[in-house]
Each structure stands twice: as structure tokens, then as C-alpha cells.
Amino acid sequence: MNPYETEPAHHGADEDGHRLVGSVADGEDTAVEAALRPKELDEFIGQEKVRAQLDLVLKAARARGATADHVLLSGAPGLGKTTLSMIIAAEMEAPIRITSGPAIQHAGDLAAILSSLQEGEVLFLDEIHRMSRPAEEMLYMAMEDFRVDVIVGKGPGATAIPLELPPFTLVGATTRAGLLPPPLRDRFGFTGHMEFYGPAELERVVHRSARLLDVGIDTEGAAEIAGRSRGTPRIANRLLRRVRDYAQVKADGAVDREIAAAALAVYEVDDRGLDRLDRSVLEALLKLFGGGPVGLSTLSVAVGEERETVEEVAEPFLVREGLLARTPRGRVATPAAWAHLGLTPPRQVPGGPGQGDLFAG
Ligand SMILES: Nc1ncnc2c1ncn2[C@@H]1O[C@H](COP(=O)(O)OP(=O)(O)OP(=O)(O)O)[C@@H](O)[C@H]1O
């Protein structure tokens, strides 16, 4: 692990990338996403607040003939941070360079990138919170003074050679703005928080992508996919591609509610966007432990998964959906979880311990 990493390693990230409902990009996403990215701010669906704020920042910079202020975008994977950074560059009619925090291990790596930027260029730094500390410190000066000190030599003979940089716009992306050290956060002129998308917005994403992929889809078919997309355009686009396959093989290629539901049933994505892993966690919690509380380790053994997989891959969405709660005594199912799986909660003995209490800890 990188000694400078400011966040625990993403045990779950690789696994998440292999799920149909994972929000991290997989190989196929990378290949297809370029074609599906909105190219202008007006084309970008949802995120009204961020869009309106960014629109002002960019228009003002353009009117002044200046380079736009540095922009920080925070939000979960797949919500459109890369897409927005490309839109920023397009709106500023500037070229864009794309890199990521983990790719910059040494300050020298960053110096090489910064010193080759053109005037006005947009530098997109994904996962900026995972950059090494020395690179981060170099970035402070570059952002503020458009200057870096390049250290030449080692030990007592080392000298710092100042290097002027052309003005550029840094667009940093992070899953959690709170992970950034305050001096770095403070150097951004504008921070946009990306929210999960609502069903109506996701429907628009599905319709737009279907048009670009030349897939016939009706309103109900799009709604069916949107409702299972976990608030995330990347997942909506991925589900659409799988539904398209199904429609081509099993029907005439057109997508309606029935086709979408049947296709996603094949892939075990239920009407709320839960997949096999999510449901097996919920089922174990409800059927084996009476809804909890049950400790994470016990729950993970029961599901046959690693602790990290349950905690980092399955739970965040279950918590967000209000199906599972993390309490000091262990994991607890909510009434919505019982309802979602069509099960009836056991009757609690007044004052007595819940069945799952036996397993808590
Ligand atoms: N507002 C939107 N309107 C239409 N499509 C969108 C929107 N936001 C994202 N998408 C689509 O979702 C996909 C993923 O978006 P993007 O790569 O920008 O996400 P991201 O937040 O940068 O993810 P990561 O953090 O993993 O890099 C792209 O194909 C993009 O076209």
C-alpha cells in the first residue's frame, strides 16, 4: 500500500467493478462511455445546482478572458465527475489532460505533467485524495502561484529550481471531499457536490443513451431500468446494454417494461437494484438472525463472503436504501427490509433479547 494513502485501501473496489450494479467502471464501461458522455453543460442531465453554479464560474471566466478557477467535484463513482471535467474543458475551449491520484506517486511525476501543460489547459485529477503527500504539497504551490520548485540532486547538494507554469484549471475529483487536507480543499475556487440521481433524471439518461445506441425503448421500459440503477448513470447505462442484448436475442430488439424486467431478472438485479450479493446479506440477516442485531463477522461468515465485501460492497447501498442499519450492537434490518423480501418479522418478546442478540459482537 502506498504509505501516503490517506484512506483505507479499497478492498471492495475490484469486486464492485465486476458487478452489474457496481458503480466503479469496468473494461466495457470504459470502451462505451466515451460515446455516451454529454459534451455540453446543457446536455448534462440533473445535478441542477452544480450545473448552475458551474455555468456561472465558466461564463464569468470566459467573459474575463481568464482561465477558470480550480474546481473540486465530490461524489460517488459513476455520477459524472469525469464527464463534467470534459465539459468544463469543452466550454472553455481548452484541451484536457486526465490523470489520477494513485498514478502520481512521486512529486516528479506531477512536475512532469504540470510543466507540460498548455496555457488554459484543464488538468483532471481523479481520486485526488489518493495522491502522495509530497505531490500534494507541490500541487498547493502550483494551484496558487502557478509555480513549482523542482528539486535537483540529493542530500545537502540538492537545489530547488523554481519553474513557472502557465495558468491552468485543476479539476479534482474525490469520492469524499472530507478526506482532503484543508489546505488543498481551500485552494479550489469552487466545490461541486454531486448527488445521486432521482428516477426521473435516470429515465432521461436511459432515453438519451438508448437514442445514441440506437435502441428502441418506451417510457415504461426506461423507467424499469432507471428504478434499478441505484441513482447512478453509469449503472443505468450498463443495465441498458444488458437489456439491449436480451431484447435482441429474445425479442425484436425493442425494449418495453416486460423485456426490461425479464432481462434484469436474468441478471438477478431486482426491482430496487439489489443484486444477488445484496439480497444474500439481507436474507441471512432476516432468516438466520431474525433481523439482528448481528455482528459483521458473523453475518459475513453466514453469507460466505469476506468481511470487507459485506461492509464495503454490499452494505453502503443497503444503508442508503434504508434496508439495513449499522448500530453499535451490530447490523439490524429495518421494516423495509422485511417488506422488500416479502417476509414477516418475528414477534418480539417485550423486554426480552432479540434473537439476533445472541450473535452480536
Ligand atoms: N448527468 C449525466 N447525464 C448523462 N449521462 C451521464 C451523466 N453523468 C454521467 N453520465 C454517464 O455515466 C457514465 C459515467 O460517468 P463518469 O465517468 O463521468 O462518472 P465519474 O463520476 O467520473 O466516475 P468515476 O468516479 O468512476 O471516474 C458516462 O458514460 C456518462 O456518459
Side-chain angles (χ1 to χ4, degrees), residues 7 10 12-55 71-91 96-103 122-131 171-177 179-180 191-213 215 217 222 225-226 229-242 244 312-313 316:
E7 194 193 14
H10 276 289
D14 287 347
E15 193 134 351
D16 188 58
H18 293 116
R19 299 169 82 198
L20 193 55
V21 291
S23 51
V24 175
D26 63 20
E28 188 190 343
D29 293 327
T30 315
V32 183
E33 278 181 358
L36 298 180
R37 285 186 203 285
K39 305 272 185 297
E40 299 166 6
L41 213 44
D42 285 342
E43 226 188 304
F44 192 82
I45 294 161
Q47 308 291 345
E48 305 300 339
K49 251 186 250 159
V50 174
R51 224 149 43 91
Q53 292 162 345
L54 207 49
D55 190 40
V71 173
L72 179 64
L73 299 173
S74 72
L79 298 185
K81 299 183 295 295
T82 308
T83 305
L84 261 192
S85 75
M86 291 178 170
I87 290 176
I88 292 172
E91 299 270 337
I96 182 166
R97 183 88 55 95
I98 296 181
T99 184
S100 73
V122 171
L123 173 63
F124 178 61
L125 232 169
D126 204 2
E127 296 189 80
I128 190 169
H129 58 276
R130 295 181 65 198
M131 207 169 33
V171 180
T174 178
T175 41
R176 281 175 286 170
L179 288 176
L180 289 193
T191 300
H193 298 284
M194 317 272 291
E195 309 281 352
F196 285 101
Y197 291 66
E201 292 164 343
L202 286 174
E203 253 181 71
R204 285 169 59 203
V205 170
V206 172
H207 274 301
R208 180 180 172 278
S209 300
R211 208 171 46 245
L212 292 171
L213 295 172
V215 178
I217 188 165
I225 295 174
S229 301
R230 302 161 74 113
T232 308
R234 170 171 292 137
I235 300 177
N237 285 340
R238 201 184 293 142
L239 296 187
L240 172 65
R241 296 201 298 274
R242 294 294 73 84
R244 171 182 66 170
E312 295 169 28
V313 181

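All ligand and atom numbering here is 1-based and tracks the order in the structure. We number each residue from 1, following the sequence as shown.
For the atom pair CD1 (Ile98) and CE (Met86), the distance works out to 3.5 Å, reported to the nearest 0.5 Å. The distance from atom CD of Glu201 to atom CD of Gln47, rounded to the nearest 0.5 Å, is 7.0 Å.
For atom 29 (O) of ligand 1, the closest non-hydrogen atom on the protein side is Glu33 CG, 3.0 Å. Ranking the protein heavy atoms by distance from atom 31 (O) of ligand 1 puts Leu36 O, 3.1 Å first. In terms of protein heavy-atom proximity, atom 19 (O) of ligand 1 is nearest to Gly80 N, 3.1 Å. The single protein non-hydrogen atom nearest to atom 26 (O) of ligand 1 is Arg234 NH1, 2.8 Å, given as residue, atom name and distance. Considering only non-hydrogen protein atoms, atom 10 (N) of ligand 1 sits nearest to Pro233 CB, 3.5 Å.
Comparing Val24, Asn237, Ile45, Thr175 by heavy-atom distance to atom 3 (N) of ligand 1, the nearest is Ile45. Nearest to atom 25 (O) of ligand 1 by heavy-atom distance, out of Arg37, Lys81, Met86, is Lys81. The option with the heavy atom closest to atom 30 (C) of ligand 1, from among Val206, Thr83, Leu41, Ile98, is Thr83.
Put simply, the side chain of Met194 reaches to within 4.5 Å of the side chain of Leu84, judged on heavy atoms. Under the 4.5 Å side-chain criterion, counting only non-hydrogen atoms from C-beta, Met131 is in contact with Ile128. Between Pro77 and Arg234 there is a side-chain heavy-atom pair separated by less than 4.5 Å.
Across Val205, Leu239, Leu240, a single residue satisfies side chain to side chain contact (heavy atoms under 4.5 Å, CB included) together with Ser229, and that is Leu239.
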Worksheet item: Which is it for Glu48 and Arg51 under the salt bridge (Lys or Arg N to Asp or Glu O under 4.0 Å) test, yes or no, and what are the steps along the way?
Response: CA-CA 5 Å; Glu48 305 300 339; Arg51 224 149 43 91; 2.6 Å; yes

Discussion item. Quick one, His129 with Thr175, criterion side chain to side chain contact (heavy atoms under 4.5 Å, CB included). Give me CA distance, side-chain angles, the key distance, then yes/no.
Written reply: CA-CA 8 Å; His129 58 276; Thr175 41; 3.4 Å; yes

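Residue contacts with ligand 1 for Asp126 involve side-chain atoms from C-beta outward but no N, CA, C or O (heavy atoms, distance under 4.0 Å). Under 4.0 angstrom from ligand 1, there are no non-hydrogen atoms of Leu84.
Contact annotation: Pro38 has at least one heavy atom less than 4.0 Å from an atom of ligand 1. The closest approach between a heavy atom of Gly78 and any atom of ligand 1 is below 4.0 Å.
If you number the atoms of ligand 1 from 1 as listed, the ones under 4.0 Å from a heavy atom of Phe44 come out as 1 (N), 2 (C), 7 (C), 8 (N). Heavy-atom contacts of Tyr197 reach the following atoms of ligand 1: 1 (N), 2 (C), 7 (C), 8 (N) (cutoff under 4.0 Å). Residue contact check: Thr82 has heavy atoms under 4.0 Å from atoms 17 (O), 18 (O), 20 (P), 22 (O), 27 (O) of ligand 1.
Atom NZ of Lys39 is surrounded by more than 12 heavy atoms from other residues, nucleotides or ligands within 6.0 Å.
With sequence neighbours excluded, no residue forms a side chain to side chain donor-acceptor pair (under 3.5 Å) with Glu91.
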